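The block underneath contains the structure these notes are about, expressed in structure tokens.
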Amino acid sequence: MPCDWESLRNLAGYGVDGKRVIKAIMVFLMDTQRLKRVLLLGQSIIYLIAFASIYYQIPALYGETGIAPVAAKIEKCVASEPLNCVSPLVFVLSHQLSIKPSTALQIVALFGIFFSISTIAIRPTRHFIFYLVLVLLYLSIVKVGDTFLYFQWDSLVLESGWLMIVVAASGNSPADLMSTYLVRFLAARLMFSSGIVKLQSMCPTWWGLTALDIHYETQCLPTPLAWFAHNQPEWARRLSVALTFFIEIYLPPMFLLPIPMLRAIAAIPNIIFMFAIMATGNYNFFNLHFALLCVSSLEGGYTSAAIRARGLGRRFLEFVVSAAVFGAAAVHWAMMFGIQYDPKTSTVLSKITFSKAEFAKMTKLGTSVFVHVAIVGFVLVFLEFLVTVWKQNKATPAATPEGKSKKSGKGKGEKKTAETKSNGGSSGSIFGATGRNAFFVLFFGSFLFWTSFVPFTQIDDAASNRIPDILREVHVRTRKFEFTHSYGLFRRMTGVEGRPEIVIEGSHAPNGPWKEIEFFAKPGNVNASPAVVLPHQPRLDWQMWFAALGAYQHNPWFLSLVNRLLNNDANVIGQLKDWPFKNKKEPLTFVRAQLYHYKFTKPGSKAWWTRSLQHEYMPVMTKDSPAILEFLAQNSLIATKTYKTGPIDKAIDQLHAQLRFKQLRNLAMRSPSTASEHFRVEHNCLRFSPLPLYLIISLYGCHAAFNVYLCELNKRQRIVWHLCPQNTENVYEVIVV
């Protein structure tokens with residue numbers, strides 16, 4: 001077949017312009033140095049979002065009178081053995097500065113925000129030392145985070161954080177090839193495991209391709225678009241589930257193949273998939289983070305010149321191989337999931353055609369293939385690293401004995417400076433020519449690569465049994481640093497009969513009247529639209545979703561929450577949407593909890609939800625009940641020591657108050673029950689300190705405005721955007737026509 005552009009036209013007889021297809025794919029490819037800049041900048045933004053989000057919630061969650069006081073954990077530490085503490089940094093700050101543990105935790109978060117902003121705004125600070133500091137700061141928070149930070153995206157921040165140290169340490173050298181491969185390997189492991197565990201769980205909704213029949217309404221925090229997605233045709237939802245398996249199982253192994261065009265073809269659907277999830281669910285920064293990791297698969301070559309220098313024949317060969325591999329995967333997927341077009345109804349039918357026994361065999365084979373492809377890819381990258389070093393050294397002209405360059409006549413010092421600039425600090429040997437940190441990249445990168453197989457192979461017993469004992473031992477001994485993790489998102493679907501939701505009610509009298517306590521973002525009022533709060537994660541709202549799946553006796557923090565509400569704790573109340581007990585004559589004295597099942601309404605309804613009472617979740621509780629206090633003390637949810645508020649504590653508390661983070665909770669857009677189609681936007685009263693946190697505020701504002709737009713399209717009811725107090729002077733009226 002002649003390798004010219006004309007031979008690519010009318011590809012496969014379908015009129016596809018092969019030249020345009022190849023050029024379109026090549027647009028997404030970037031050289032290694034540009035990719036590194038994107039990865040490091042993106043990781044810094046993720047850090048900023050993560051630190052700012054948790055900082056806002058520290059007083060309520062981890063304050064001395066919070067739901068899960070960090071002081072209760074730090075009190076167990078011994079001054080003579082700080083490294084044995086659950087979070088040495090928090091303990092040392094608290095002990096040495098004589099401040100409250102929660103203040104120390106806020107300082108850690110503030111340092112995280114500062115270093116994140118530095119690496120975003122100042123390019124030279126994207127040094128591996130800065131990223132080492134960032135990962136240690138976040139690790140210090142996670143270690144005391146308890147149940148509110150037991151999420152896979154927090155583990156992902158830590159694991160990718162260690163990888164970004166490798167990316168930053170490699171300098172502008174061929175060692176970059178290994179660092180970017182490790183990022184691709186993490187993205188492939190995460191998504192492949194998430195696809196496998198869905199079917200391994202034997203959940204009937206995944207096997208029946210009906211998971212999306214309930215997912216949109218039962219996920220932790222749906223967005224308004226989730227209502228529309230839930231009400232799409234059944235065949236579309238089933239096809240979406242089948243496509244999910246294609247994206248999560250079939251495409252990730254392609255991230256590891258040494259074919260840039262194929263990697264790009266596999267990565268782009270995953271990135272689109274992440275943004276589709278963001279549209280229908282509030283999964284904080286996770287989807288942005290994973291999309292960033294997928295960008296590592298868009299690496300087209302070590303230099304932009306190498307990408308441009310690819311001949312027509314090589315590009316055409318890459319395109320043919322990529323199309324063949326991707327097409328074979330698509331055909332196999334279509335056969336396994338019974339994809340058929342029904343011309344009578346103009347729909348696409350889908351159903352799983354393999355048995356559970358066959359899936360077990362395919363899992364064993366697929367995991368083995370994945371592991372071997374990853375190892376071969378790692379070896380090829382290492383060989384490419386050596387070849388690139390050899391080419392660079394060969395291309396470097398030797399200096400004459402007189403100290404002059406043979407060609408240019410420049411002095412020895414000038415020539416060395418030029419070489420150093422082009423090679424990222426090169427000097428001539430295999431490690432000197434690749435920069436002073438090349439050995440660290442090779443050693444630490446290899447360590448992360450091989451130890452990551454220990455948690456990954458948990459999805460298959462046969463593969464796990466083949467892991468050498470020495471790797472298991474190393475993984476166990478280094479587990480406290482959170483280098484590597486196992487992943488598996490949405491293993492099982494819950495809420496088949498309806499979304500279980502806890503509604504906390506309070507009263508000033510034992511017999512009522514009972515008033516519902518509305519939370520920041522979770523569903524409550526059936527007439528209120530779902531909130532849009534990403535990239536922020538309201539940790540309390542998320543844990544309320546998990547608590548609804550069990551009993552309050554199995555969630556000690558829930559009783560701690562109730563106890564804080566009964567004590568009228570200002571920090572905890574600040575995490576709520578509204579507080580219905582502002583009247584001092586009728587204070588909150590009694591609290592109970594009811595379990596409801598929520599479901600999305602059908603098109604045509606003015607409400608967003610319907611709900612039905614199931615049973616009492618928690619009986620009536622009163623303030624400072626001895627039984628509750630004893631239970632909380634047993635579960636380390638009450639600080640036993642009394643802490644004085646010193647000058648540093650006062651300064652940090654004042655800083656938190658000046659940032660006015662309390663106002664951010666109103667950025668979760670909701671629609672009141674009034675049926676008039678009228679919007680009022682209040683603004684210009686956010687008072688923040690000069691700290692450059694406006695990036696986060698802007699993200700919240702953009703998504704809040706997007707929510708207004710969605711509700712305008714729906715034309716159901718009025719939206720009030722409470723950004724500031726009611727006496728705001730700047731008020732704009734927008735009438736929906």
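Predicted, not measured: the structure shown is a model, and the values here were computed from it. For this chain, numbers begin at 1 and follow the sequence in order.
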Centroid separation Tyr55 to His656 less than 6.0 Å: yes
Test salt bridge (Lys or Arg N to Asp or Glu O under 4.0 Å) applied to Glu501 and Lys522, step by step: CA-CA 9 Å; Glu501 197 69 63; Lys522 85 179 191 68; 3.1 Å; yes
Trace of the side chain to side chain contact (heavy atoms under 4.5 Å, CB included) decision for Thr610 with Val526: CA-CA 6 Å; Thr610 62; Val526 296; over 6 Å; no
Taking every non-hydrogen atom, the tightest pair across Ile504 and Met544: CD1-CE, 4.0 Å
Nearest-0.5 Å distance, CG of residue Asp578 to CG of residue Asn525: 11.5 Å
Ring centre gap for Trp542 and Trp153 strictly below 6.0 Å: yes
Any donor-acceptor pair under 3.5 Å from Glu518 side chain to Gly524 backbone: no
Residue pair Phe354, Phe337: steps toward the ring pair (Phe, Tyr, Trp, His ring centres under 6.0 Å) verdict: CA-CA 8 Å; Phe354 51 88; Phe337 290 86; 5.7 Å; yes
Working for side chain to side chain contact (heavy atoms under 4.5 Å, CB included), residues Met621 and Arg592: CA-CA 6 Å; Met621 297 288 181; Arg592 71 180 186 183; over 6 Å; no
Side chains of Leu566 and Thr589 in contact at under 4.5 Å (non-hydrogen atoms): no
Leu243 side, atom CG; Leu209 side, atom CG - distance, nearest 0.5 Å: 10.5 Å
Aromatic centroids of Phe228 and Tyr216 separated by under 6.0 Å: no
Ala531 backbone acceptor or donor facing Asn282 side chain under 3.5 Å: yes
Ser605 side-chain N/O to Thr601 backbone N/O, donor-acceptor pair under 3.5 Å: no
Ser350 side, atom OG; Gln340 side, atom CD - distance, nearest 0.5 Å: 10.0 Å
Which atom of Ile141 lies closest to which atom of Leu105, heavy atoms considered: CG1-CD1, 4.0 Å
Reported NE2-to-CG distance for the pair His230 and Asp213, which is rounded to 0.5 angstrom: 7.5 Å
Heavy-atom side-chain contact between Trp608 and Pro523 under 4.5 Å: no
Check against salt bridge (Lys or Arg N to Asp or Glu O under 4.0 Å), Glu159 and Arg189: CA-CA 12 Å; Glu159 184 168 353; Arg189 283 191 288 116; 2.5 Å; yes
Taking every non-hydrogen atom, the tightest pair across Leu534 and Gly281: CD2-O, 3.3 Å
Distance flag, aromatic centroids of Trp557 and Phe148, threshold under 6.0 Å: yes
Aromatic contact, Tyr283 with Phe490 (centres under 6.0 Å): yes
Test: Lys515 cationic atom under 6.0 Å from Phe581 six-membered ring centre, within 45° of axis: yes
Flag, side chain of Asn567 to backbone of Asn563, donor-acceptor distance under 3.5 Å: yes
Any donor-acceptor N or O pair under 3.5 Å, side chains Gln543, Tyr150: no
Nearest-0.5 Å distance, CD1 of residue Ile277 to CG of residue Leu489: 8.5 Å
Close aromatic pair by centroid cut-off 6.0 Å: Phe290 and Tyr487: no
Gln575 (side chain) donor-acceptor with Val572 (main chain) under 3.5 angstrom: no
Full working for side chain to side chain contact (heavy atoms under 4.5 Å, CB included) between Phe151 and Arg539: CA-CA 10 Å; Phe151 294 100; Arg539 307 264 174 176; 3.5 Å; yes
Check: Gln537/Ser53 side-chain N/O donor and acceptor closer than 3.5 Å: no
Minimum-distance pair of heavy atoms, taken over all atoms of Asn635 and Pro556: OD1-CG, 3.6 Å
Side-chain heavy atoms of Val157 within contact of Ile46, under 4.5 Å: yes
Thr280 side chain reached by Pro222 side chain, heavy atoms, under 4.5 Å: no
Any side-chain heavy-atom pair of Val70 and Leu61 under 4.5 Å: no
Nearest-0.5 Å distance that lies between atom CD1 in Ile113 and atom CD1 in Ile54: 11.0 Å
Stacked cation flag Lys356 on Trp207, 6.0 angstrom / 45 deg: yes
CD/Glu616: more than 12 non-hydrogen atoms of other groups inside 6.0 Å: yes
4.5 Å side-chain heavy-atom contact, Thr494 and Ile214: no
Worked verdict on Leu156 versus His485 for side chain to side chain contact (heavy atoms under 4.5 Å, CB included): CA-CA 8 Å; Leu156 183 63; His485 302 84; over 6 Å; no
Candidates Tyr552, Phe631, Tyr617 - the one meeting ring pair (Phe, Tyr, Trp, His ring centres under 6.0 Å) with Phe558: Tyr617
Heavy-atom pair with the smallest gap, counting every atom of Ser102 and Gly63: CB-CA, 3.7 Å
Arg499 NZ/CZ over Tyr598 ring centroid, <6.0 Å and within 45° of normal: no
Polar contact flag, side-chain donor to acceptor under 3.5 angstrom, Glu505-Ser507: no
Glu217/Lys602 salt bridge by N-O under 4.0 Å criterion: no
Exam field: side chain Arg238 to backbone Lys351, donor-acceptor pair closer than 3.5 Å: no
Check: Ile249 and Trp333 side chains under 4.5 Å, non-hydrogen atoms: no
Atom of Ser160, atom of Leu293 and distance for their closest heavy-atom approach: CB-CD2, 4.3 Å
is_close_aromatic(Phe600, Trp609), centroid dist under 6.0 Å: yes
Asp154 and Tyr138 side chains, donor-acceptor separation under 3.5 Å: yes
Sub-4.5 Å side-chain heavy-atom contact between Lys198 and Glu248: yes
Exercise: do Trp235 and Thr345 side chains pair donor with acceptor under 3.5 Å: no
Derivation and outcome, salt bridge (Lys or Arg N to Asp or Glu O under 4.0 Å), residues Arg564 and Glu64: CA-CA 11 Å; Arg564 303 309 177 197; Glu64 280 60 43; over 6 Å; no
